[in-house]
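All heavy atoms count here, side chains included; hydrogens, waters and symmetry mates do not. Just follow the structure's listing: the first ligand is 1, and inside any ligand the first atom is 1. Given the structure is predicted, the values throughout are model-derived calculations rather than measurements.
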Amino acid sequence: MTETTFATCMLCEATCGVKVTVDGQKQVRIEGDEADPFSRGYICPKATGLDDVRTDPDRITHPMRRDRATGQWSRVSWNEALELAATRLAALRTEHGPHAVATYAGNPMAHSYAGLLGGVALMQALGSYSRFSATSVDQLPHMLTALTLFGHQLAMPVPDLDRTEYLLVLGGNPVVSNGSIMTAPGMRDRLKALRARGGKLVVIDPRRTETAELADEHHFLRPGTDALLLFAMLHVVFEEGLGRDRLEQKVKNVEALREAAKAFSPEVVAAQVGIDAPVIRRLAREFASAKAAASYPRMGACTQEFGALTAFLAVALDAVTGNLDHPGGKMFTTPAVDVVGLTTRIGMRGSFGKFRTKVRGLPEFGGELPVAALAEEIEADSPTRIRALVSIAGNPVLSAPNGAAVERALGKLDFMVAIDLYRNETTRHADLILPPTFGLERDHYDLVLYALAVRNTARYAKPVFAPAGQTRPDWDIMTDLARRIALKRGRTRFVAGITALRLLGTRRLLDLLLRAGPHRLSLAALERAPHGVDLGALQPRLDVLRKGRLIDLAPKRYLDDVPRLAKLLGRDAPPLTLIGRRGLRSNNSWLHNVERLTKGPNGCTLLIHPEDAAARALKTGDEAQVTSRVGSLRVEVEVTETISRGVVSLPHGWGHHREGTAQQVARARAGVSVNDLTDETFLDALSANAGLNGVPVEVERP
Ligand SMILES: Nc1nc2c(c(=O)[nH]1)N[C@H]1C(S)=C(S)[C@@H](COP(=O)(O)OP(=O)(O)OC[C@H]3O[C@@H](n4cnc5c(=O)[nH]c(N)nc54)[C@H](O)[C@@H]3O)O[C@H]1N2
Ligand SMILES: Nc1nc2c(c(=O)[nH]1)N[C@H]1C(S)=C(S)[C@@H](COP(=O)(O)OP(=O)(O)OC[C@H]3O[C@@H](n4cnc5c(=O)[nH]c(N)nc54)[C@H](O)[C@@H]3O)O[C@H]1N2
Ligand code: SF4
Ligand SMILES: [Mo]
């Protein structure tokens, strides 16, 4: 008998609808769901990974405990595992203070509504300032900009992709990454549609990416100089009076922004940026005169030295050209679960700099600390240093800057718990691994990504498969752990609250959130529409978001950072800088154990320009030694003109050679970890986001 179910792929941000068919032999077929109004049948090659990970023989399906003396792993019961975790965490907390117990939440948490809700409960039970997540190796500058300009860290505007006439992509490669902070399945078709309707796609990137290949124009730029480019574009807009005053009643301090832009004419910045002044002038004029235009600065533009300024200046450019909150420009969503509105009501709009890390004094953001400081906060010479870690769906050994230092530090913890599918480079340091259900084994609603989508849309999917082995939902693991910790801390009211929440369950919670939302949906309504519902194009939202408060286009914290940017003008570029990239068949560090997705040509090569290669007597296939301030590694070279001179590129998420992991396929094609080269002290000084792009390196023949 063949059975067909519809679900949502939650591997990346695109939220593609999938059709899952299981035949009589229990063979599973995963295809795109043609009836999904948003993804219209599109899926990428990773979607098959949904089932490959589920059935991966290396996947952990029972709670596991590591014997510290022998290093051996053995199965333990859930009760034993959770009791041990709660006892140790509560005890370390009592002995060394609340901040001695840290948490790290990785990227997949953003793709699980139940996991997110469970995570909130667990963090409340722990009550620690030592919270880390993948945010500070990712979108932190955008969240800081949203908090500063729009009063909420999640109020991030997204390009109105299907209606724009001009998309300026800075440091994103959506054709491969499938879009980020711009949820839009089927990116290639949507970008082609933009050009087919007469619109223009411009890509600014030190590499001629797959997205650049589709574009009308691509310009190489020197890594880390996007803020100079955007300032120069603003300069032209002001100088030539190209602004459009559609927001006149809603913004303030435009004059101060104009003043700040004065020092950054195209002629002044051109040499440092690497784009000719007349080209910058033309780009500014085109952007300003397009019927509708949107800037799209992503990973390469925000995980770099001037990430926050870049994120801010991009919104400023949208705003002064009349494209903010305007159809075809950058807009805000009206999602079925109003994450911004709901969290505002409970006082969780976000925060910045309320407390700082112990060692370097780096600022808190949204109640968490930058992961670039994780290693030193564990190794700190302080009685209140971090002694324990709960790692949830993350792999900071491969994803955080100077991962080798993180790895070393994890070895010094008194206790570590990991909630994860695999024993990987990070979780192998844990005392306990608690295995969650995965993907199609749980229900799904995209709490975060529908709030960042290019259309208002909603889709709910029921679980397709039974949980593997003894796995339990992330929500269940985290709330159970939270309850036990609270019990040990004698917090009876919290225990009562969490017990009630667990009884209510995630489905009921989601139903309540949907009912409270602007579309007044319900779980039942979504269950009647298994392919999802289209809730229409993005609508102007600023009035709702700002409620009369003006948007400051020259916020002090950003203007204070301008002198640092100005100093970049006089700086000599290092001979080579390192940037990152993503491969279509990988997802950060964790799809490398899927055979189907890793076979084929080596995905972990160092891209280098022919002239830079020749100067070092390197050719394609050779090994090169790459060295930065923090580390050195050997990697296969790929000589290509698609990368700018003076720049080399390595993908992240590789480096699976480390001892003690249990991922056979990944180990066979280990690659190297770019984050053994990235530098935890190379930051965006304003936001403390990691500078993963633009890292000075040396490359030589070994
Ligand atoms: N140099 C460099 N470094 C980077 C980047 C870069 O571009 N360059 N990108 C950065 C970015 S954008 C990100 S988001 C981070 C990602 O960094 P992390 O989030 O730290 O790492 P991931 O590789 O995504 O690891 C996810 C882990 O979650 C587990 N997992 C998967 N699904 C589930 C689930 O449902 N529940 C649980 N409990 N576990 C699950 C996987 O097995 C894996 O171990 O990396 C960052 N690091
Ligand atoms: N296949 C696949 N898809 C993914 C992921 C994955 O690992 N694999 N990860 C997911 C995650 S967690 C995220 S956050 C998104 C990220 O999605 P994107 O933001 O699209 O990420 P990247 O593909 O890393 O693109 C970053 C680009 O920035 C360029 N760049 C580097 N430095 C600079 C600079 O200084 N200035 C400019 N202008 N450009 C620069 C790089 O050359 C690269 O092309 O992708 C998601 N989707
Ligand atoms: S684009 Fe993303 S959501 Fe869509 S099938 Fe691929 S991995 Fe899944
Ligand atoms: Mo990310």
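Of all the heavy atoms of Met299, the ones lying under 4.0 Å from any atom of ligand 1 belong exclusively to the side chain. Only the backbone of Thr15 comes within 4.0 Å of ligand 3, judged by heavy-atom distances.
In this structure, the protein non-hydrogen atom closest to atom 4 (Fe) of ligand 3 is Cys16 SG, 2.3 Å. From the protein, the heavy atom lying nearest to atom 10 (C) of ligand 1 is Val137 O, 3.3 Å. Counting only heavy atoms of the protein, atom 38 (N) of ligand 1 lies nearest to Asp474 OD1, 2.9 Å. Among protein heavy atoms, the minimum distance from atom 13 (C) of ligand 1 is reached at Asn588 ND2, 4.1 Å. Atom 33 (C) of ligand 1 has its closest protein heavy atom at Pro108 CB, 3.8 Å. For atom 2 (C) of ligand 1, the closest non-hydrogen atom of the protein is His652 CB, 3.4 Å. Closest to atom 8 (Fe) of ligand 3, if we only count protein heavy atoms, is Cys9 SG, 2.3 Å. The protein atom (non-hydrogen) at minimum distance from atom 3 (N) of ligand 1 is Asn675 ND2, 3.0 Å. Of all protein heavy atoms, the one closest to atom 35 (O) of ligand 1 is Arg442 NH1, 2.7 Å. In terms of protein heavy-atom proximity, atom 5 (S) of ligand 3 is nearest to Cys44 N, 3.4 Å.
Between the side chains of Asp684 and Ser687, at least one donor N or O sits under 3.5 Å from an acceptor N or O. Side chains of Asn588 and His652: a donor-acceptor N/O pair is present below 3.5 angstrom, by distance only. Side-chain contact of Asn395 with Ser589: a donor-acceptor pair under 3.5 Å is present, judged by distance alone. Side-chain contact annotation: Arg298 with Ser180, donor-acceptor N/O pair under 3.5 Å present.
Looking at Asp446 and Arg459, no side-chain N of the basic residue comes within less than 4.0 Å of a carboxylate O on the acidic one, giving no salt bridge. Under the 4.0 Å criterion applied to side-chain N and carboxylate O atoms, Arg40 and Asp189 are not assigned as salt-bridge partners. Under the 4.0 Å criterion applied to side-chain N and carboxylate O atoms, Arg428 and Glu407 are assigned as salt-bridge partners. The residues Arg59 and Glu441 are annotated as salt-bridged, a charged nitrogen and a carboxylate oxygen being separated by less than 4.0 angstrom. Look at Arg667 and Asp58 and you find no salt bridge, because none of the NZ, NE, NH1 or NH2 atoms lies under 4.0 Å from a carboxylate O. The existence of a salt bridge linking Arg596 and Asp52 is confirmed by a sub-4.0 Å separation between a basic side-chain nitrogen and an acidic carboxylate oxygen. Under the 4.0 Å criterion applied to side-chain N and carboxylate O atoms, Glu595 and Arg669 are not assigned as salt-bridge partners.
Remark: ligand 1 atoms within the under-4.0 Å shell around heavy atoms of Val674 are 1 (N). Per-residue contacts place Tyr422 under 4.0 angstrom from the following atoms of ligand 1 (heavy atoms of the residue considered): 42 (O). Of all the atoms in ligand 3, the ones that sit under 4.0 Å from a non-hydrogen atom of Asn178 are 1 (S). Applying the 4.0 Å criterion to heavy atoms of Ser589 picks out, from ligand 1, the atoms 22 (P), 23 (O), 25 (O). Applying the 4.0 Å criterion to heavy atoms of Asn395 picks out, from ligand 1, the atoms 18 (P), 20 (O), 21 (O), 25 (O). Heavy-atom proximity to Gly106, at under 4.0 Å, picks out these atoms of ligand 1: 19 (O). Proximity to Ile43 (heavy-atom distance under 4.0 Å) selects the following atoms of ligand 3: 5 (S). Close approach of ligand 3 to Ala47 (heavy-atom distance below 4.0 Å) involves ligand atoms 5 (S). Each of the following atoms of ligand 3 lies closer than 4.0 Å to a heavy atom of Leu11: 7 (S). Ligand-side atoms of ligand 1 in range of Ile419: 37 (C), 38 (N), 39 (N), range being under 4.0 angstrom from any heavy atom. Proximity to Pro436 (heavy-atom distance under 4.0 Å) selects the following atoms of ligand 1: 36 (N), 37 (C), 38 (N).
Side chains of Val674 and Pro651 form no contact here, defined as non-hydrogen atoms less than 4.5 Å apart. Considering only heavy atoms from C-beta on, Arg190 comes within 4.5 Å of Val454 through its side chain. Side-chain contact check for Arg502 versus Asp480: some heavy-atom pair is nearer than 4.5 Å.
The shortest N/O to N/O separation between Asn587 and ligand 1 does not fall below 3.5 Å. For Thr437, no nitrogen or oxygen atom sits less than 3.5 Å from a nitrogen or oxygen atom of ligand 1, counting backbone and side chain alike. In terms of polar-atom proximity, Asn107 is counted as a contact of ligand 1, with an N or O under 3.5 Å from an N or O of the ligand. In terms of polar-atom proximity, Ser399 is counted as a contact of ligand 1, with an N or O under 3.5 Å from an N or O of the ligand.
The main-chain N or O of Pro370 is never found under 3.5 Å from a side-chain atom of Ser136 such that the two would form a donor-acceptor pair. Formation of a donor-acceptor pair under 3.5 Å by the Thr310 side chain with backbone atoms of Phe306 is found in this model. Here the side chain of Asn689 pairs a donor or acceptor atom with the backbone of Asp138 at under 3.5 angstrom.
The NE2 atom of His444 lies 7.5 Å from the OG1 atom of Thr15; values are rounded to the nearest 0.5 Å.
Geometrically, Arg54 engages Phe465 in a cation-pi contact, judged by NZ or CZ lying under 6.0 Å from the ring centre and within 45° of the ring axis.
Taking a 4.0 Å cut-off on heavy atoms, Arg582 registers as neighbouring ligand 1. Residue contact annotation: Gly115 has no non-hydrogen atom under 4.0 Å from ligand 1.
Heavy-atom proximity to atom 26 (C) of ligand 1, evaluated over Ser391, Ser136, Ala393, is greatest for Ala393. Among Asp56, Asn424, Thr426, the residue whose heavy atom sits closest to atom 44 (O) of ligand 1 is Asn424. Counting only non-hydrogen atoms, the option in Thr135, Leu677, Asp138 that gets closest to atom 12 (S) of ligand 1 is Asp138. By heavy-atom distance, the residue among Asp420, Asn693, Leu650 lying nearest atom 29 (C) of ligand 1 is Asp420.
Atom 6 (Fe) of ligand 3 lies at 2.8 Å or more from every N, O or S atom belonging to Cys12.
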